[in-house]
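Okay, so here's the structure we're looking at.
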Amino acid sequence: MLGKLVSLLMSLFGGVEGVEHITVQELQKHLSGGLSAEELVVDVREPDEFSAGRVPGAENIPLGIVAGSADRLKGRKRVFVICLSGGRSMQACAQLAPRLADKTALVNVDGGTMAWISAGFKVDKD
């Protein structure tokens, strides 16, 4: 619920400067060609949510520690950020944007993992 509210507010007020937005269909198409070593999908949900089902190849960095983990993302040219529905991922982008400056493109995946699963795309589970 909070995530949807945050997504709505950010979309109404322009979101986070410099953050791109893509659909799950666009992400799936990009992933089908393979990620480069300079790209990463980061899932900012909690570990139990992540274990239950995630975009294949995603790395889990929960929202609560994402800002402090910015150094792990430095050197990446593009980071796709996903959560359950899009709210936490936008919060993560807002926290990461000032830390990664103009060197890393942040891409919020609109609709999140719920949209990914609803579209029928493959998920990894523990």
Side-chain angles (χ1 to χ4, degrees):
M1 176 77 172
L2 178 60
K4 289 181 182 181
L5 179 60
V6 170
S7 291
L8 175 64
L9 290 173
M10 289 188 169
S11 66
L12 290 173
F13 297 105
V16 177
E17 185 176 338
V19 174
E20 300 172 43
H21 293 264
I22 64 169
T23 64
V24 294
Q25 290 79 8
E26 292 169 311
L27 177 62
Q28 195 280 332
K29 184 176 179 180
H30 188 79
L31 293 177
S32 69
L35 288 179
S36 76
E38 298 172 331
E39 296 177 306
L40 182 66
V41 177
V42 172
D43 189 320
V44 297
R45 296 176 299 151
E46 292 301 313
D48 60 324
E49 295 174 282
F50 180 78
S51 294
R54 62 188 170 275
V55 170
E59 182 176 322
N60 187 219
I61 305 176
L63 179 61
I65 64 168
V66 77
S69 300
D71 285 343
R72 289 172 54 187
L73 304 175
K74 287 185 178 173
R76 303 284 183 159
K77 289 194 177 181
R78 195 171 205 199
V79 175
F80 300 93
V81 186
I82 193 166
C83 64
L84 181 64
S85 63
R88 285 179 282 180
S89 56
M90 275 307 300
Q91 292 175 46
C93 287
Q95 292 177 28
L96 290 170
R99 290 167 173 82
L100 297 176
D102 296 327
K103 297 178 181 164
T104 303
L106 294 170
V107 183
N108 186 64
V109 181
D110 293 333
T113 307
M114 283 189 349
W116 181 270
I117 292 168
S118 292
F121 298 137
K122 180 182 183 275
V123 294
D124 285 346
K125 297 180 181 182
D126 288 345

With sequence neighbours excluded, residues passing side-chain contact (heavy atoms from CB on, under 4.5 Å) with Gln95: Leu63, Val66, Ala67, Arg99
If you define the side chain from C-beta out and look only at heavy atoms, does anything of [X] sit under 4.5 Å from [Y]?
X      : Y      : answer
Leu35  : His30  : yes
His21  : Met90  : yes
Val41  : Val109 : no
Leu106 : Val79  : yes
Trp116 : Leu27  : yes

Short side-chain to backbone donor-acceptor contact, Ser85 and Gly111, under 3.5 Å: no
Donor-acceptor contact below 3.5 Å, side chain Arg45 vs main chain Ile61: no
Measuring from [X]:[atom1] to [Y]:[atom2], what's the distance to the nearest 0.5 Å?
X      : Y      : atom1 : atom2 : value
Glu46  : Ser51  : CD    : OG    : 11.0 Å
Lys125 : Arg54  : NZ    : CZ    : 10.5 Å
Lys29  : Phe121 : NZ    : CZ    : 11.5 Å
Glu38  : Arg78  : CD    : CZ    : 12.0 Å
Asp126 : Phe50  : CG    : CZ    : 7.0 Å

Sequence neighbours excluded, every pair satisfying side chain to side chain donor-acceptor pair (under 3.5 Å) that has a member inside residues 59-70: Glu59-Arg72
Grab the two heavy atoms, one from [X] and one from [Y], that are nearest each other, plus how far apart they are.
X      : Y     : value
Cys83  : Gly87 : SG-N, 3.6 Å
Asn108 : Cys93 : CB-SG, 4.2 Å
Arg76  : Ala37 : NH1-O, 3.1 Å
Gly34  : Glu39 : O-OE1, 4.4 Å

Derivation of the side chain to side chain contact (heavy atoms under 4.5 Å, CB included) call for Thr104 and Leu96: CA-CA 10 Å; Thr104 303; Leu96 290 170; over 6 Å; no
Report yes or no: do [X] and [Y] belong to one cluster of Ile/Leu/Val/Met/Phe/Trp/Tyr joined by side chain heavy-atom distances under 4.5 Å?
X     : Y      : result
Val55 : Ile117 : yes
Leu73 : Ile22  : no
Val24 : Val107 : yes

Electrostatic pair Arg88-Asp43, nearest N-O below 4.0 angstrom: no
